Amino acid sequence: MEKNKKFPSKELLEKTFLADLHIHSKYSRACSKFMEIPFLAETGKIKGLQVIGTGDFTHPMWLKELKEYLEYDIYSGLYVYNKLPEGPKFILTSEISLIFSKNNKSNRRVHLIIIAPDFKTVEEINLYLSKLGNLLIDGRPTFGIDCEKLTLDLLKISEKILIIPAHAWTPWYSVFGAFSGFDSLEEAFGEATPYIYAIETGLSSDPEMNWRISKLDNITLISCSDAHSLSKLGREATAFFYPLTYENIYNSIKTGNIAFTIEFYPEEGKYHYDGHRNCKVCLSPKETKALGYKCPKCGNPLTVGVLHRVELLADRDEGYIPSNKPLSVHLVPFIEIITEVFNLNKQSKSAEKLYEQYLSFAGTEFEILLKLDLKDLEKVFPSKLIEAIKRVREGKIFAKPGYDGEYGIIRIFESPEEEGLIGLKQQSLFTLQ
Ligand SMILES: [Zn+2]
Ligand SMILES: [Zn+2]
């Protein structure tokens with residue numbers, strides 16, 4: 001089977017809206033200074049997102065800005081940027097980092113996304129958190145509290161708060177991470193487990209990988225960008241059925257009623273494979289096991305990636321496809337398609353210019369990638385660009401997995417000068433169904 005065997009139909013797209021629920025503001029470490037509401041609203045609009053998480057609501061300065069820019073919309077229970085009312089709506093979100101000991105193991109590190117219905121609830125959450133640590137240091141603050149206790153305490157503030165483990169598989173800071181995590185949600189959340197309705201799969205894993213774990217069958221899988229800069233907005237996203245309201249987003253996450261998720265190729269994520277970045281050693285889970293988890297270059301323990309962790313916890317074979325799950329749609333961001341087709345640098349001005357030009361011809365990024373008839377684009381797009389979009393939709397691409405903090409490489413066309421690329425379609429003949 002190849003990726004994207006099932007692609008969302010036009011009928012399905014008409015019934016759904018796209019939300020990116022995890023981003024960061026300019027107040028988070030290593031984030032762009034352009035992560036401000038006016039730019040986020042504008043970028044979200046041209047990408048085709050209808051809901052964007054505000055990120056960082058725990059940060060007092062950012063919260064002050066949010067209150068200046070955003071107005072509560074009583075019809076949706078969401079927030080609207082007052083100067084761009086036709087733009088995407090905003091939902092109050094934040095991410096926190098917890099470092100704690102549990103079950104005789106110290107240094108557990110878990111990142112959680114918190115979603116809240118309104119400013120009043122956010123203020124109560126912040127008051128609670130401010131007693132545990134300093135909210136001003138970082139847009140993603142760190143606390144020394146157990147995730148079970150934190151979840152139970154937050155739900156006392158409001159039942160309408162959602163708590164979602166972020167990038168659930170990354171090695172260093174996640175609920176299932178190889179170095180600091182747990183083997184199950186029950187082990188991490190104890191009595192609070194029934195209130196954990198969803199996990200964020202993160203860039204290095206996709207729903208297909210998560211489906212291999214039967215314990216996650218009743219957990220909703222969401223995808224978000226975790227963007228630190230505007231261009232990364234919506235690189236992963238979750239499609240919900242209408243109506244576009246807080247209540248409906250909350251219930252859909254609670255019950256798993258999601259239409260589809262937009263996925264990064266997990267191979268492109270920074271922690272898909274195992275290895276050592278400094279030693280330039282990149283290994284599959286099988287190779288790591290054969291080497292006894294030691295780096296063949298420096299002899300130190302290898303950084304065990306997401307695929308490896310999933311395989312350790314999986315009770316189903318690779319390629320298992322459940323019948324009743326939302327579609328998993330793998331895409332390549334449009335700017336990356338353009339840079340490959342025109343052989344440009346990702347950060348170059350000319351790539352950016354072409355990106356804007358093609359969007360102005362055709363509509364939003366997601367309309368181009370998901371919706372528009374490729375025939376209709378023939379007049380305005382060169383044929384190689386159309387061929388590239390077609391291949392992305394069909395999931396026929398080449399990849400070189402990321403490892404130990406190094407992004408992977410995705411290519412739409414075969415590239416002889418790039419070593420180590422594997423055709424995903426070809427690979428799947430052997431490893432998937
Ligand atoms: Zn984040
Ligand atoms: Zn090494």
Side-chain angles (χ1 to χ4, degrees), residues 19-32 35 40 52-59 62 91-99 109-116 129 135 137-143 147 162-181 198-205 222-238 264 269-271 273-284 287-306 308 402-407:
D20 182 354
L21 302 175
H22 176 184
I23 68 145
H24 291 279
S25 77
K26 62 183 176 182
Y27 293 104
S28 272
R29 220 163 275 155
C31 282
S32 149
M35 296 305 265
L40 286 164
I52 305 176
T54 59
D56 298 2
F57 69 53
T58 52
H59 198 281
W62 182 238
I91 184 166
L92 298 167
T93 65
S94 207
E95 182 187 21
I96 59 173
S97 173
L98 306 182
I99 302 181
R109 285 174 288 192
V110 174
H111 283 188
L112 299 174
I113 303 165
I114 307 173
I115 303 179
L129 291 174
L135 303 185
I137 291 175
D138 189 359
R140 186 183 57 203
T142 301
F143 308 101
C147 59
L162 286 165
I163 294 137
I164 302 172
H167 40 77
W169 294 97
T170 48
W172 305 103
Y173 298 98
S174 75
V175 69
F176 298 135
F179 290 117
S180 52
I199 59 171
E200 180 193 45
T201 53
L203 298 179
S204 299
S205 98
I222 66 160
S223 290
C224 320
S225 70
D226 202 352
H228 290 202
S229 62
L230 293 170
S231 65
K232 304 280 194 287
L233 199 64
R235 60 183 168 175
E236 291 207 334
T238 304
F264 221 50
K270 286 194 278 192
Y271 291 103
Y273 258 30
D274 309 329
H276 265 174
R277 189 181 191 175
N278 291 339
C279 302
K280 293 206 167 16
V281 167
C282 170
L283 301 161
S284 71
E287 292 167 324
T288 302
K289 277 183 206 157
L291 289 163
Y293 291 78
K294 292 259 181 339
C295 174
K297 259 206 186 144
C298 72
N300 288 320
L302 288 159
T303 302
V304 171
V306 163
H308 196 127
Y403 66 101
D404 195 22
E406 184 83 25
Y407 274 112

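Computed from a predicted model, the values in this text were never measured in an experiment. Counting starts at 1 for both ligands and their atoms, following the listed order. Below, each value reflects all heavy atoms present in this structure, side chains not excepted, and no hydrogens, waters or symmetry copies.
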Would F176 and H167 count as a ring-ring contact (aromatic ring centres under 6.0 Å, His included) here? Give the steps. CA-CA 9 Å; F176 298 135; H167 40 77; over 10 Å; no
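The angle C298:SG - the Zn ion (ligand 2) - C295:SG amounts to 100°, with values rounded to 10 degrees. The angle subtended at the Zn ion (ligand 1) by OE1 of E95 and NE2 of H22 is 90°, given to the nearest 10°.
The Zn ion (ligand 2) is closest to atom ND1 of H276 (considering only N, O or S atoms). When distances from the Zn ion (ligand 1) to the N, O or S atoms of H24 are compared, NE2 comes out shortest. As for D226, its N/O/S atom nearest the Zn ion (ligand 1) is the one called OD1.
Residue contacts to the Zn ion (ligand 1): H228 brings no N, O or S atom closer than 2.8 Å.
Ring-plane geometry between W172 and F179 is classed as parallel, the angle between the planes falling under 30 degrees on a 0 to 90 degree scale with a further cut at 60.
Side-chain polar atoms of Y271 and H308 form no donor-acceptor pair below 3.5 angstrom.
In this structure, CZ on F143 lies 10.5 Å from CG on L112, to the nearest 0.5 angstrom. In this structure, OG1 in T238 is found 8.5 Å from CD in E200, a value given to the nearest 0.5 Å.
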